[in-house]
2 protein chains.
Amino acid sequence: MQPHQAFFHEYRMMYRPFINKLNVYLASHQLYSSQWAILRLLISEKSLTLVEISNSLNVEKPTTTRMIQKLIELDYVTTVPGKDKREKKVQLTSFGHDVCKDVQVTIEQFQLDALEGISVEEQIIVSKVLETVRNNLLK
Amino acid sequence: MQPHQAFFHEYRMMYRPFINKLNVYLASHQLYSSQWAILRLLISEKSLTLVEISNSLNVEKPTTTRMIQKLIELDYVTTVPGKDKREKKVQLTSFGHDVCKDVQVTIEQFQLDALEGISVEEQIIVSKVLETVRNNLLK
DNA sequence: TATAGTTAGTTAGGTTAAGTAACTATTAAA
DNA sequence: TTTAATAGTTACTTAACCTAACTAACTATA
């Protein structure tokens, strides 16, 4: 198999084992990996509109609407008015903040275990490569 | 962001742009990426049982049953009796072989474009790392 | 040789995570 | 001031998975 074929083959083959195991850990916090992706965004960005979330995650608006609705039901996020009457800014509740901290602790060990045998240098190379490929794909 | 967090962040962020674009190319052959994963297996393995396919792709048997049913409808694969009356061996039809060749040509350029700026050495490192992580996840 | 357990595959029904189309409400531009 | 665009929602659909429960066929054993 040629290097470029192997690259995408290995990329794809890691996906289900990764997501399945992640979802097992997240289940103890009533979360799925897609919801966790939003919470992670909100940890670093503090407050975002639905459109900003949609663009960051490369999903359509209705998908984001529904995921936010579930996160509101869980009381992990809340919305506040934005700069005009159309906008809703989404942000973590204080309960949501606490949950995120717990989740991060859980996920931390999971990630370290999954990366056993991979040097930090290699991790950095892979991160950079994957980011470049993502940008190529979005061009 | 720490290297191990960045690793999984970048891994996940590439997934949707990758699958979405792949599916656009595959659509011209009436295929989805999950079906293409099976066809790819059958190119290299010639003939496989449903259980072997399920294990290779880390999916459950009913999932594989359904995907094979669709591929049979498309006349891309066919089944032949296995070594006992329970087993069904799945293999490509000659039409399926032709389609796979066409798809491979299409995908080839897509992959090369997506890997623009990534050296072959880096591609090989990433493939090896992703394979190792997959094996860690399946432990 | 009857029976208990295993394996291959299917069917039925459900969930998550996504999509498109069409809509309302609001704001900006011509 | 009419027209465009933007933010978000609702309704409906789909892919890609899952579990539970099933049939048919095979294997080991008492």
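Values in this document were obtained by computation on a predicted structure and should not be read as measured data.
Using a distance-only test at 3.5 Å, with no hydrogens or angles considered, no donor-acceptor pair links the side chain of B:N23 to the main chain of B:L26. A donor-acceptor pair is defined here as one N or O able to donate and one able to accept, closer than 3.5 Å; no such pair exists between the side chain of A:Y15 and the backbone of B:Y11.
Taking side-chain N and O atoms only, B:T63 has a distance below 4.0 Å to OP1 or OP2 of D:dC18. Close to C:dT15, at under 4.0 Å from its OP1 or OP2, lies no side-chain N or O of A:R66. Taking side-chain N and O atoms only, A:T65 has no distance below 4.0 Å to OP1 or OP2 of D:dG8. Side-chain N/O atoms of B:Q69 include one lying less than 4.0 angstrom from OP1 or OP2 on C:dT11. In terms of phosphate contacts, B:S54 brings no side-chain nitrogen or oxygen within less than 4.0 Å of OP1 or OP2 of C:dG9. B:K83 has no side-chain polar atom (N or O) that falls below the 4.0 Å cut-off from OP1 or OP2 of D:dC26. Within the structure, a side-chain polar atom (N or O) of B:S34 is placed less than 4.0 Å from OP1 or OP2 of D:dA16.
In this structure, B:S33 reaches the sugar-phosphate backbone alone: every heavy-atom distance under 4.0 Å involves primed, P, OP1 or OP2 atoms, never a base. Looking at heavy-atom distances under 4.0 Å, B:T49 makes contact with sugar-phosphate atoms alone, never a base.
Nearest to the side-chain atoms of A:K88 among the listed nucleotides D:dA24, D:dC18, D:dT9 stands D:dT9. Out of D:dC17, D:dT9, C:dA18, the shortest distance to the side chain of A:K61 is found at D:dT9. Distance from the side chain of B:Y32 is smallest for D:dA16 among the nucleotides C:dA8, D:dA16, D:dT9. With D:dC18, C:dA18, C:dA21 as the choices, the nucleotide that has an atom nearest any side-chain atom of A:V59 turns out to be C:dA18. Listed nucleotides D:dA7, D:dC26, C:dG9 differ in distance to B:V51; the shortest reach to its side chain belongs to C:dG9. Closest to the side chain of B:E87, out of C:dT7, C:dG9, D:dC17, is C:dG9.
Searching all strands for a Watson-Crick or G-U wobble partner of C:dA4 with both distances below 3.5 Å returns D:dT27. C:dT26 is paired with D:dA5 under the Watson-Crick or G-U wobble criterion, all donor-acceptor distances under 3.5 Å.
Mapping A:R86 and A:Y15 onto DNA chain C by nearest heavy atom places A:Y15 closer to the 5' end of the strand.
Taking the syn range as angles within 90° of 0, the glycosidic angle of D:dA25 is outside it, so the base is anti.
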